[in-house]
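Below, chains carry the letters A, B, ... as their sequence lines are ordered, and counting in each starts from 1.
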Amino acid sequence: MSKRTLYSIIAILILLGVYSYEYFLNEEEKAEVVSEGKSTKSDTNAYFLPTSTTGQIIHHEGYSLSYSEPHEQAEWVAYELKKSQLSNSNFERPYFEIDKAVKTGAAHWRNYKNSGYDRGHLCPAADRRYSQLAHDETFLTSNISPQKHDFNAGIWNTLEQKVRYWASKYDGVFVITGGVLNGKMKTIGDEAVSVPNQFYKVLIDNNSGKPKMIAFLMPHEDSNKPLYEFVVSVDTLEKLTGIDFFPELDDAIENQLEASSSYKGWSF
DNA sequence: CTGTTGCGC
DNA sequence: GCGCAACAG
């Protein structure tokens with residue numbers, strides 16, 4: 001091997017090293033931007049963003065949300081729960097933090113202190129256990145709504161567990177959830193965080209060929225009724241909230257699926 | 001799993 | 001305010 005050839009090889013190796021290093025840095029920067037909620041999630045077949053009635057959509061690494069400043073909480077939180085993301089890792093509960101990506105200023109956790117209400121996760125911590133970052137991110141106050149403890153630890157928890165069951169059974173589901181920010185509501189704390197009178201959840205499974213949907217609307221109180229008694233059509237929720245849940249979906253399919261309050265195809 | 005409260009620093 | 005332990009449905 002000539003000296004010249006040797007130098008060429010060394011030069012190529014150095015260039016590769018520098019390139020890899022820069023690529024690595026870019027990846028880091030991207031992750032940083034996402035966690036600050038500044039980037040835009042690309043529209044994939046698996047990612048459905050509802051419309052925002054507030055004009056403030058924020059993207060985090062593990063979920064997106066639309067923040068309602070008057071009510072100091074999200075009007076919806078949306079995320080895909082893949083089967084591969086289901087995890088048993090048990091992270092320690094971090095402290096709640098103000099979501100700095102909310103330009104109008106997200107609520108402080110102090111509003112909930114001694115209020116008698118739980119800091120209820122909208123995107124459950126248990127749905128984001130595939131990484132420490134994703135898990136800890138669910139403890140931003142933009143992902144929290146005041147919930148009665150009996151409700152949160154009761155039927156709402158049961159529903160969240162059912163979502164994980166479906167994510168496993170159907171190889172992933174897309175989830176949209178929030179409180180109904182309508183009508184007369186009690187408020188808590190100095191910042192007057194609204195206490196929703198109802199909570200909803202909308203699911204779409206687009207992994208089995210033809211998409212299927214199911215929606216739940218629950219009064220803000222615990223119940224012993226079976227989950228399927230709370231199934232409503234997506235149309236009902238859209239009328240109630242003013243949110244268009246699947247604007248990207250083909251209109252014909254959207255109309256048909258959203259009108260249905262049948263839970264056929266969803267195994268309880 | 002879903003959470004809160006109390007205590008020491 | 002943070003870290004940790006104890007407790008409740």
Hey, what are the protein-to-nucleotides 1-7 of chain C N/O distances that come in under 3.5 Å?
residue, atom, partner, partner atom, Å
dG1(C), OP1, Arg110(A), NH2, 3.4
dG1(C), OP2, Arg110(A), NH2, 3.4
dG3(C), N7, Tyr95(A), OH, 2.4

Q. Could you state the CG-C1' distance from Leu86(A) to dC1(B), rounded to the nearest angstrom?
A. 14 Å
Q) Taking atom P of dT4(B) as reference, at what distance in whole Å does atom CG of Asp150(A) sit? A) 13 Å
Q: Kindly say whether the aromatic ring centers of Phe216(A) and Phe230(A) come within a distance under 6.0 Å.
A: no
Q | Residues forming a side-chain hydrogen bond (donor to acceptor under 3.5 Å, both in side chains) with Ser233(A), sequence neighbours excluded | A | Thr236(A)
Q: Applying side-chain hydrogen bond (donor to acceptor under 3.5 Å, both in side chains), name anything that partners Thr53(A), two or more places apart in sequence or on another chain.
A: Glu75(A)
**Q.** Value in whole Å for how far the P atom of dT2(B) lies from NZ of Lys201(A)
**A.** 11 Å
Q) Are the aromatic ring centres of Phe268(A) and Tyr263(A) under 6.0 angstrom apart? A) yes
Q.
Counting the atoms with a prime plus P, OP1 and OP2 as sugar-phosphate, which does Asp118(A) contact under 4.0 Å by heavy atoms, base, sugar-phosphate, or nothing?
A. sugar-phosphate
(Q) With a cut-off of less than 4.0 Å, is there a side-chain N or O of Asn152(A) near OP1 or OP2 of dG3(B)? (A) yes
Q. For Asp127(A), which contact category applies under a 4.0 Å heavy-atom criterion: base, sugar-phosphate, or nothing?
A. nothing
Q: Take the protein atom CG of Asn157(A) and the nucleotide atom C1' of dC1(B), then report the distance between them rounded to whole Å.
A: 5 Å
(Q) Taking any heavy-atom pair under 4.0 Å as a contact, classify Gly154(A): base, sugar-phosphate, or nothing. (A) nothing
Q) Asn90(A) has an atom CG; how far is it from atom P of dG3(B), in whole Å? A) 14 Å
Write down the protein N/O and nucleotide N/O pairs, taken from nucleotides 5-8 of chain B, whose separation is under 3.5 Å; answer none if there are no such pairs.
none

Q. Whole-Å distance between dT4(B) P and Ile188(A) CD1?
A. 10 Å
(Q) Please confirm whether the shortest side-chain N or O distance from His121(A) to OP1 or OP2 of dG3(B) is below 4.0 Å. (A) yes
Q | Separation of dT4(B) C1' from Phe96(A) CZ (nearest whole Å) | A | 11 Å
Q. Taking 4.0 angstrom as the limit, do Arg164(A) and Asp127(A) come out as a salt bridge?
A. yes
(Q) Please enumerate all residues that pass side-chain hydrogen bond (donor to acceptor under 3.5 Å, both in side chains) together with Trp76(A), with sequence neighbours excluded. (A) none
**Q.** Backbone N/O of Leu257(A) and side chain of Ser260(A): donor-acceptor pair under 3.5 Å
**A.** no
Q.
Ser84(A): which residues meet the side chain to side chain contact (heavy atoms under 4.5 Å, CB included) condition with it, sequence neighbours left out?
A. Lys82(A)
Q) Expressed in angstrom and rounded to an integer, what is the separation of Ile144(A) atom CD1 from dT2(B) atom P? A) 11 Å
Q) Only one of Glu72(A), His220(A), His121(A), Gln73(A) clears side-chain hydrogen bond (donor to acceptor under 3.5 Å, both in side chains) with Ser145(A); which? A) Gln73(A)
